[in-house]
Amino acid sequence: MKKVKVFIASSAELDEDKKQLDLFFAERNKIYEQRDILFVQKTWKDFESSLHEHFLQDRYDDYIRRCDIVIFLFHTRLGKYTLRELNIAHETFLRSKKGQPRIYIFYRETAEQTSELADFKRFSEKDYGHFCDTYADYPELLRKVEKQLQLLENNGYIVPMHFDSKKALRYMLFYILLPLLVLASAFAAIHYYSDIDMTVRVIEDSAQCIPSLPFRKGTLEVQYGEGEVQVYALDDIHSEALVKGIHSKYRGEDARIRFMAPGYVTIDTLMSIASDIQLPIRRNDDLKFIFGSVADEKGMPIEEARITVQDLTVETNSSGNFRVEIPLAKQAEEQMLTAFKPGYSRWIFTAPVIPNVAWNIVLKKETD
């Protein structure tokens, strides 16, 4: 409901007129309530007059700054603080982007008007640019106020607030949020107490793999709970394992995961049980070194024989030994090795690279 704040200011001589305006707004609320509009009108009598940290007049002034409509009533003289209240209302109006509050000045017609009041009337119309209306009695005052309210409603200054925030909040709480909370709790409970299916995906570490030798086969072992163990055979097509039916009581606990495959580093680690786990695997560098010795037909070591694997070349030492270190990108399960020294026949051979197994090469002397 739209609350329209109204302040009625006047000198004490017009208390009866203010009382009639109070009754007027109370009657109008019965009608405007159907349009979701409520007039909240106050005069100085409606404020608590007990000792307060702020002066009573300051509280009047603060309320005026927050009003939508301010009505000033004059008769024979200016009220003690009425001019101050009018100035505050006018200053607030000038600062407001919405033209708020709307200010209405009414003079009750009389032949006994003081010169001070007459001067103020001229000042108001000249300096404020504000028309000062007159009325003969309070029935005429009420008719004029009624007409102004209609104009304010017609031009959109008084707009019904069809949106009731409190009612909407209650509606959202009881008809939307509460059911959603119940449903969310139910789904959470179902999810929490349901068995878990865990997928373990084997993924090659791009920085530690050999492009020409992708993963072919291996074994994955998953152990969880009170010793439950499941073993899965992996290959280049099936590189993931689905561990089904893990009891919900193990949710969040660690599972022991072991991975073994030829040419790869063995993994033995603990990982938190979850619906999807990625396990990076990497090559173990078993294919990194080719080493051995070069000798002649009599078994004598040959020094400075050139050993070539792909574009890598080393020479044998004084004992005829060599060692070729092969970068990861050039490693292979089989390598072609060439051994040569002037005066000897070139030796070329292709063989598997077997860790810790030496290549023993015999060079034959060339014959004329």
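Hydrogens, waters and symmetry mates play no part in the numbers below; they use all other heavy atoms, side chains included. Numbering starts at 1 and runs along the sequence shown.
- Under 3.5 Å, the side chains of Gln230 and Tyr224 contain a donor-acceptor pair of N or O atoms.
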Checking Met271 against Leu279 for the side chain to side chain contact (heavy atoms under 4.5 Å, CB included) test, could you report, in this order, the C-alpha distance in whole Å, the side-chain angles of both residues, the deciding distance, and whether it holds? CA-CA 10 Å; Met271 302 186 77; Leu279 186 68; 4.0 Å; yes

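- Side-chain heavy atoms closer than 4.5 Å link hydrophobic residues (I, L, V, M, F, W, Y) into clusters, and following such links, even through other members, never connects Val182 to Leu180.
- The shortest heavy-atom contact between Ala261 and Gly218 is CB-CA, 3.7 Å.
- Residue Gln331 holds its CD atom at 9.0 Å from OG of Ser212, rounded to the nearest 0.5 Å.
- Listed by first and then second residue, the salt bridge (Lys or Arg N to Asp or Glu O under 4.0 Å) pairs involving residues 131-147 are Arg28-Glu146, Asp133-Lys144, Glu140-Lys144 (not counting sequence neighbours).
- You'll find the side chain of Phe72 reaches within 4.5 Å of the side chain of Glu85, heavy atoms only.
- With hydrophobic clusters built from ILVMFWY side chains whose heavy atoms lie under 4.5 angstrom apart, Ile88 shares a cluster with Leu94.
- Other residues, nucleotides and ligands contribute more than 12 heavy atoms inside 6.0 Å of the CZ atom of Arg65.
- With values rounded to the nearest 0.5 angstrom, Lys2 atom NZ is found 9.0 Å from Ile158 atom CD1.
- Here the CD-CG distance, from Gln223 to Leu270, works out to 9.5 Å after rounding to the nearest 0.5 Å.
- Shown here are the side chain to side chain donor-acceptor pair (under 3.5 Å) partners of Lys30, two or more places apart in sequence or in another chain: Glu27.
- Of the possible polar contacts, one joining the Glu204 side chain to the Phe215 backbone as a donor-acceptor pair under 3.5 Å is found.
- Counting heavy atoms from C-beta outward, Lys244 and Asp197 have side chains that approach closer than 4.5 Å.
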The test is side chain to side chain contact (heavy atoms under 4.5 Å, CB included); show your working for Leu220 and Ile257 and say whether it passes. CA-CA 7 Å; Leu220 188 71; Ile257 298 176; 3.8 Å; yes

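- Proximity of Tyr32 to Val4: side-chain heavy atoms (C-beta onward) are nowhere separated by under 4.5 Å.
- Between the CD1 atom in Ile273 and the CD1 atom in Ile246 there is a gap of 5.0 Å [rounded to 0.5 Å].
- By the neighbour-count criterion of 12 heavy atoms within 6.0 Å, atom CE of Met336 is sparsely surrounded, having that number or fewer from other residues, nucleotides or ligands.
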Can you list the steps and then say if Val200 with Tyr232 is a side chain to side chain contact (heavy atoms under 4.5 Å, CB included)? CA-CA 10 Å; Val200 182; Tyr232 302 87; over 6 Å; no

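- Shown are Thr316, Asn360, Asn321; of these, the side-chain hydrogen bond (donor to acceptor under 3.5 Å, both in side chains) with Ser293 is made only by Asn360.
- Minimum interatomic distance between Cys67 and Pro101 (heavy atoms only, all atoms of both residues): O-CB, 3.3 Å.
- The minimum heavy-atom distance between Pro301 and Gly320, with the atom names listed, is CB-N, 3.9 Å.
- For Lys341 (side chain) and Glu303 (main-chain N/O), a donor-acceptor pair under 3.5 Å exists by modelled atom type.
- In this structure, the side chains of Phe289 and Glu325 come closer than 4.5 Å at one or more pairs of heavy atoms.
- With Glu228 contributing its side chain and Glu226 its backbone, the two residues share a donor-acceptor pair below 3.5 Å.
- Val265 and Ile277 fall into different hydrophobic clusters, defined by Ile, Leu, Val, Met, Phe, Trp and Tyr side-chain heavy atoms under 4.5 Å apart, directly or through other members.
- For the pair Leu14/Arg108, a side-chain contact is recorded, criterion being any heavy-atom separation below 4.5 Å from C-beta on.
- A search for side chain to side chain donor-acceptor pair (under 3.5 Å) contacts involving Thr313 returns Thr308, not counting sequence neighbours.
- Seen from the ring of Phe340, Arg346 counts as a face-on cation partner, given the 6.0 Å and 45° thresholds.
- Ion pairing of Asp61 with Arg84 is present here, as a side-chain N (NZ or NE/NH1/NH2) and a carboxylate O approach within less than 4.0 Å.
- Residue Glu33 places its CD atom among 12 or fewer non-hydrogen atoms of other residues, nucleotides or ligands, all under 6.0 Å distant.
- At a threshold of 4.5 Å between non-hydrogen side-chain atoms, the residues Val70 and Thr92 do not count as touching.
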For Leu149 and Phe39: C-alpha separation, side-chain torsions, deciding distance, then whether side chain to side chain contact (heavy atoms under 4.5 Å, CB included) applies. CA-CA 11 Å; Leu149 292 181; Phe39 293 103; 3.9 Å; yes

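- Here the closest non-hydrogen pair linking Lys217 and Pro262 is O-CD, 3.8 Å.
- Thr199 and Asp276 share no donor-acceptor pair across their side chains, judged by distance under 3.5 Å alone.
- For Ala295 against Gly299, the heavy-atom pair with the smallest separation is CB-C, 3.9 Å.
- Annotation: cation-pi geometry not satisfied between Arg282 and Tyr264 (NZ/CZ under 6.0 angstrom from ring centroid, within 45° of ring axis).
- None of Gln100, Lys5, Arg102 except one satisfies the side-chain hydrogen bond (donor to acceptor under 3.5 Å, both in side chains) rule with Asp68; the exception is Gln100.
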Checking Arg258 against Asp268 for the salt bridge (charged side-chain N to carboxylate O under 4.0 Å, His left out) test, could you report, in this order, the C-alpha distance in whole Å, the side-chain angles of both residues, the deciding distance, and whether it holds? CA-CA 4 Å; Arg258 299 185 73 243; Asp268 191 341; 3.1 Å; yes

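- A salt bridge is absent between Asp236 and Arg216: the closest approach of a Lys/Arg side-chain nitrogen to an acidic carboxylate oxygen does not fall below 4.0 angstrom.
- Distance check, rounded to the nearest 0.5 Å: OH of Tyr104 to CG of Leu73 gives 13.5 Å.
- The side chain to side chain donor-acceptor pair (under 3.5 Å) check on Gln20 picks up Glu16, with sequence neighbours excluded.
- Through chains of ILVMFWY side-chain contacts below 4.5 Å, Val353 is grouped with Ile210, Leu213, Leu287, Ile290, Val294, Ile302, Ile307, Val309, Leu312, Val314, Phe322, Val324, Ile326, Leu328, Leu337, Tyr344, Trp347, Phe349, Trp359, Ile361, Leu363.
- Residues Ile31 and Leu151 do not share a hydrophobic cluster, defined by chaining ILVMFWY side chains whose heavy atoms lie under 4.5 Å apart.
- With contacts defined as side-chain heavy-atom distances shorter than 4.5 Å, the pair Ile69/Gln148 does not qualify.
- Contact between Gln310 and Gln335 at its shortest, heavy atoms only, is NE2-OE1, 3.1 Å.
- Residues satisfying the side chain to side chain contact (heavy atoms under 4.5 Å, CB included) test with Pro352, not counting sequence neighbours, are Glu334, Ile354.
- Summarising the geometry, atom CD1 belonging to Ile71 is positioned 11.0 Å from atom OG belonging to Ser10; distances are rounded to the nearest 0.5 Å.
- Grouping the Ile, Leu, Val, Met, Phe, Trp and Tyr side chains by contacts below 4.5 angstrom, directly or via other members, places Tyr138 apart from Ile8.
- Electrostatic pairing of Asp22 and Lys19 does not count as a salt bridge here, judged by no charged N lying under 4.0 Å from a carboxylate O.
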